[in-house]
Amino acid sequence: MKKLLFGAIVLSFMSACNSDNMSNQNENPANEEVSSADMFKRGCASEEVRQEALKSNAQLRQKFVTLEANTEKFANELKLGKVLADGTVEIPVVVNVLYKTTAENVSDARIAEQIEVLNADFTGINADASKIPAEFQTVSAGDTKVKFRLVNTIRKATSKTSWATNDDMKKASKGGIDATNPSNYLNIWIVGKMTSQGRTILGYATFPESAGLWNDGVAIAAPYFGKTGAASPFNLGRTATHEVGHYLNLRHIWGDASCGNDQVTDTPTQTTANYGKPTYPLYNTCSGVQRSVMFMNYMDYVDDAAMFMFSAGQKARVQSVVASTGARSGLRLY
Ligand code: ARG
Ligand code: ZN
Ligand code: CA
């Protein structure tokens with residue numbers, strides 16, 4: 001099948017080349033000067049050299065076929081409006097609400113508010129972006145070209161007061177709500193309360209290697225979702241920004257180890273997580289090098305009001321997973 005497709009592509013290129021040559025020769029009879037026909041022949045040589053190389057190299061043929069398929073996929077997404085002209089990907093979101101109390105049954109308005117926060121933070125138009133220190137403005141992501149659109153909200157009453165990180169909220173058989181097509185939608189589960197190892201947590205997310213699995217998505221405890229009625233100091237919707245960051249392949253900025261690596265070069269290596277509202281500048285020393293750390297990054301653990309940026313390196317990781325060849329390329333509006 002692949003061979004057939006390849007043959008068809010090669011044939012169409014060769015025939016196009018030949019017929020163009022013929023018509024050019026007919027229009028331009030032999031001429032001593034450098035004619036446009038000659039120019040065209042020189043241009044066409046690349047194609048001939050390519051065909052020679054392809055003939056004798058199966059690996060090269062495979063790369064060619066893959067490349068054409070990816071190019072076609074991208075062009076199609078542009079044409080269908082699944083990717084906006086500036087490369088922006090709009091991720092469709094399904095919110096699954098599991099509530100015991102009316103307070104936990106977060107309103108549509110609050111869900112809309114949360115989507116607004118995600119859009120502002122991921123496009124860099126959040127009002128507090130003005131607080132980014134000058135030294136980090138040069139490496140600020142600005143617009144990551146990822147946006148979010150709510151497409152459905154599913155609500156279910158439950159008698160459960162607290163949930164664990166064992167993914168029960170994502171299973172109807174365990175009293176939760178099954179994910180809606182996780183290859184194509186970002187599923188967010190809201191529960192009343194969540195604990196991990198006996199401690200209350202704000203939320204947790206799956207990384208892109210889980211793309212499309214039944215448990216793929218983000219879980220957030222109701223008090224930390226949205227803004228209106230949420231619990232200070234986590235009442236600016238930044239738990240979702242942080243968790244969706246993980247979902248789009250961002251690691252904690254301290255690399256989950258002492259002076260760990262978050263796989264992003266423009267986020268300065270820092271000793272550990274930061275909490276509360278640190279005062280800028282904050283210096284950490286790792287391997288004998290002292291650095292001013294980017295604690296105001298969404299992937300640190302500071303309060304919602306103290307985090308207001310992604311870095312350019314983080315933007316590259318996010319774009320890589322939502323690209324037409326990335327692990328989360330299925331996240332498209334249909
Ligand atoms: N996974 C982290 C937790 O559960 C979320 C931290 C989010 N930080 C924030 N300021 N909202 O603790
Ligand atoms: Zn985290
Ligand atoms: Ca780093």
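Here, residue 1 is the first one in the sequence, and each next residue gets the next number. All ligand and atom numbering here is 1-based and tracks the order in the structure. Values below: every heavy atom of this structure, side chains too, minus hydrogens, waters and symmetry copies. Here the structure is a predicted model, which means the values were calculated and not measured.
Residue-to-ligand polar distances keep D300 apart from ligand 1: every N/O pair is separated by 3.5 Å or more.
The proximity of Y301 to ligand 1, defined as any non-hydrogen pair under 4.0 Å, is limited to the side chain.
For a distance bound of 3.0 Å, the N, O or S atoms of V264 include one lying that close to the Ca ion (ligand 3). Distance check for Q263 against the Ca ion (ligand 3): none of its N/O/S atoms falls below 3.0 Å.
Between the NE2 atom of H246 and the NE2 atom of H252, the angle taken at the Zn ion (ligand 2) works out to 100° after rounding to 10°.
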Discussion item. For E90 and R149: C-alpha separation, side-chain torsions, deciding distance, then whether salt bridge (Lys or Arg N to Asp or Glu O under 4.0 Å) applies.
Written reply: CA-CA 7 Å; E90 248 185 315; R149 193 187 298 206; 3.0 Å; yes
Practice prompt. Check step by step if side-chain hydrogen bond (donor to acceptor under 3.5 Å, both in side chains) holds for T200 and K193.
Written response: CA-CA 7 Å; T200 293; K193 181 183 168 66; 2.8 Å; yes
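For T325 and N70, the side-chain atoms include no donor-acceptor pair closer than 3.5 Å. Between the side chains of D216 and S210, no donor N or O sits under 3.5 Å from an acceptor N or O.
Put simply, part of E243 is less than 4.0 Å from ligand 1, judged by heavy atoms.
Checked against the 6.0 Å centroid threshold, Y204 and H246 do not count as a close aromatic pair. Note: F207 and Y247 fail the aromatic proximity criterion, with ring centroids not under 6.0 Å apart. A ring-centre distance under 6.0 Å is not found for F308 and Y298.
Atom 7 (C) of ligand 1 has its nearest heavy-atom neighbour, among L236, L202, D303, in L202.
Residue-ligand proximity, R238 to ligand 1, at heavy-atom distances under 4.0 Å covers atoms 11 (N).
Taking the Ca ion (ligand 3) as reference, D262 places its N/O/S atom OD1 nearest.
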